[in-house]
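The structure displayed is predicted, hence computed values, not measured ones.
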Amino acid sequence: MKIAVVGGGIAGLSFALALQQRGLSCDVFETVPQVRELGVGITLLPHAMRELAALGLQDRLEAIGIENLESVFFNRFGQFIYKEPRGRHAGYATPEIGLHRGKLHRLLYEVALERLGALAIHTDHRCMRVDQDGAGATLHFVQSSTGAQLAPVRADVVIACDGVNSSVRRQFYPAEKVAFAGINTWRGVTRHKPILTGKSYLRIGSIETGKMVIYPIVDSVDAEATQLINWVAEIRRDDASMNDWNHQGNLGDFLPIFKEWRFPWLDVPALISGAEQILEYPMVDRDPVPQWTFGRVTLMGDAAHPMYPRGSNGSAQAIIDGRTLAELLVQNSDPLAALQAYEALRLEPTARIVLTNRSVPPDFIIMKADELSGGKPFDNIDDLISQDELRRISENYKKIAGFSLDATREV
């Protein structure tokens, strides 16, 4: 069976490793000429770590990231709302790890080269379209660096892992556009002393008045035990135009929102201003679609179910997609039946997460507190809502996203 994987990001490479572990080979076609450590931070939740640990990568991931001890929620006045232990500290079998996205991608790429062999990883290949006939599929590529046409590639099945702007998905949904609801984000990494425990994942404020997500991704980068702190700033504006993935972020576009955010435990404007580079992104997803599989082609990861980057679930769901389809391709003698079975298992749960991330994300805890306080400072959070009720909000999201304690034990 010839399996072609379009896209060598987190989805494509983790799927390739899951195939290799089960005795199946594939070819991975990646657009970029060279894999570089790009991007900012990412959090690997316990269900993502469970999958990566099964691929034998846990020790290597722990070595390049920071294990989260706790998740803590504050309002925009720096007032405590809720906290909970995370990963192994909450009873999970695997840790929750914060690390640089580029380092995760580099690790997956290097392990894929080791296990699949260099001949199975094809960089500088931009997929333009996929044609199908009764005997197989034909992939058409151009060389990304030159635009030159490359030789077509035949395969039995094609798995599109080419991201939110997937060219393969566009063949089947040509009129579709990304869904933008006026939320823009800016991201950076800053050298900073440890915040709170030094292993704390922080959410502060809400998208209506300004929100920050902050967590460490590299420990002790100098003799003063300075960390690299990943941060994301978000705001919703009714009249906002969509940020551009390809532009550098401009401090003037968002720093004024956070100018008063100076708390005893953190100076947010200083954290933002201390970043060496700021990247801007739009907060976008796509509406869930009724079908991923079209004959010999199916979608995976962000090409299948792009979701708001809330709750650190996009990468986790992509990795679970890959393991699920790898298992089904082993179990089914007919690969087309395997693609259909994969869609039947994964389409509905991921669609539910897409919609939940829009309306009731993890930071709904802060939104609820703001609603009850009228968006003003309060004396004590327990006067507004109990910690048990806030915990129920958190646990409900974990159940929908598939990483409640029970769910991680069942797989």
Side-chain angles (χ1 to χ4, degrees), residues 40-43 65-87 89 96-100 184-235 249 251-280 309-312 361-367 369-370 373 375-381 387 390 394:
V40 282
I42 188 172
T43 301
I66 294 181
E67 179 178 2
N68 288 335
L69 170 65
E70 61 179 5
S71 177
V72 194
F73 298 75
F74 299 89
N75 66 8
R76 63 191 174 100
F77 306 105
Q79 294 179 296
F80 169 80
I81 296 173
Y82 174 73
K83 74 175 179 179
E84 64 182 17
R86 301 294 283 189
H89 305 283
E96 178 177 298
I97 300 289
L99 73 164
H100 194 287
N184 279 314
T185 73
W186 295 262
R187 304 183 179 202
V189 176
T190 303
R191 288 174 173 260
H192 195 279
K193 64 182 181 181
I195 303 168
L196 298 185
T197 66
K199 296 183 176 182
S200 300
Y201 187 108
L202 313 179
R203 293 182 177 91
I204 313 170
S206 75
I207 57 170
E208 304 304 332
T209 54
K211 172 189 166 187
M212 294 290 297
V213 176
I214 302 166
Y215 56 93
I217 57 174
V218 179
D219 211 2
S220 300
V221 295
D222 57 28
E224 283 73 46
T226 302
Q227 294 179 320
L228 291 186
I229 305 293
N230 179 82
W231 55 263
V232 184
E234 303 175 14
I235 187 71
L251 273 175
D253 290 339
F254 70 101
L255 184 58
I257 300 165
F258 306 99
K259 64 182 179 181
E260 305 297 334
W261 287 31
R262 292 182 172 90
F263 316 131
W265 42 274
L266 179 63
D267 184 328
V268 172
L271 176 72
I272 293 172
S273 301
E276 293 182 4
Q277 181 186 45
I278 296 172
L279 305 174
E280 68 172 43
R310 293 172 168 171
S312 307
D363 48 298
F364 183 74
I365 285 173
I366 303 171
M367 297 158 66
D370 280 354
S373 69
K376 298 177 181 179
F378 49 76
D379 292 328
N380 190 306
I381 186 62
Q387 294 295 294
L390 293 172
S394 178

- Value for NZ (K376) from CD (Q79), rounded to nearest 0.5 Å, stands at 13.0 Å
- Message: For a 4.5 angstrom cut-off between non-hydrogen side-chain atoms, does R86 reach K199?
- Response: no
- Message: Is a donor from one side chain sitting under 3.5 angstrom from an acceptor on the other, for E234 and T185?
- Response: no
- If you take all heavy atoms of W186 and G249, which pair is closest and at what distance? CD1-CA, 4.1 Å
- Is the centre of the F74 ring less than 6.0 Å from the centre of the W265 ring? yes
- Message: Using side-chain heavy atoms (C-beta onward) and a distance below 4.5 Å, is V72 in contact with T197?
- Response: no
- Task: Specify the closest pair of heavy atoms between R187 and P309, including all atoms of both residues, with the distance to one decimal.
- Result: NH2-CG, 3.3 Å
- Message: Checking I278 against W231 for the side chain to side chain contact (heavy atoms under 4.5 Å, CB included) test, could you report, in this order, the C-alpha distance in whole Å, the side-chain angles of both residues, the deciding distance, and whether it holds?
- Response: CA-CA 10 Å; I278 296 172; W231 55 263; 4.1 Å; yes
- Message: Tell me which one of I97, I229, V189, I66 satisfies side chain to side chain contact (heavy atoms under 4.5 Å, CB included) with I217.
- Response: V189
- Message: Quick check: do K211 and I366 have side-chain heavy atoms less than 4.5 Å from each other?
- Response: no
- Message: Counting neighbours of CG on D379 that are heavy atoms of other residues, nucleotides or ligands and sit closer than 6.0 Å, is the number greater than 12?
- Response: no
- Message: Pair L228, H100 - check side chain to side chain contact (heavy atoms under 4.5 Å, CB included), show working.
- Response: CA-CA 9 Å; L228 291 186; H100 194 287; over 6 Å; no
- Task: Indicate the atoms forming the closest heavy-atom contact of K83 with Q387, along with that distance.
- Result: N-OE1, 4.4 Å
- Rounded to the nearest 0.5 Å, what separation is found between the CD1 atom of I81 and the CG atom of N75? 5.0 Å
- Message: Testing the basics here: between P194 and G198, what is the closest heavy-atom pair and its distance to 0.1 Å?
- Response: CB-CA, 3.8 Å
- Query: At what distance, to the nearest 0.5 angstrom, does NE2 of H192 lie from CG of L266?
  - Reply: 5.5 Å
- Task: For A275 and G188, work out which heavy atoms get closest and say how close.
- Result: CB-CA, 4.4 Å
- Query: Is the closest side-chain heavy-atom distance between F254 and N184 below 4.5 Å?
  - Reply: no
- Nearest 0.5 Å, what's the CD1-CG distance between I272 and D267? 9.5 Å
- Using side chain to side chain contact (heavy atoms under 4.5 Å, CB included) as the criterion, point out the one residue from V40, L99, I42 that pairs with N230. V40
- Task: Answer yes or no: is there a donor N or O on one side and an acceptor on the other, between the side chain of D370 and the main chain of S373, under 3.5 Å?
- Result: no
- Message: Side chains of Y201 and V213, heavy atoms from C-beta outward: is any pair under 4.5 Å?
- Response: yes
- May I ask you to decide if the ring planes of F263 and W261 are parallel, tilted or perpendicular, using 30° and 60° as cut-offs? tilted
- Item | With E280 via side chain to side chain donor-acceptor pair (under 3.5 Å) - residues at least two apart | none
- Query: Atom CD1 in I381, atom CZ in F80: separation rounded to 0.5 Å?
  - Reply: 8.5 Å
- Message: With heavy-atom distances below 4.5 Å as the criterion, would you say the side chains of S206 and R76 are in contact?
- Response: no
- Query: Are side-chain heavy atoms of S200 and I195 found at a separation under 4.5 Å?
  - Reply: no
- Item | Separation of I365 CD1 from L390 CG (nearest 0.5 Å) | 5.5 Å
- Task: Kindly say whether S71 contributes a backbone atom to a donor-acceptor pair with the side chain of R203 at under 3.5 angstrom?
- Result: no
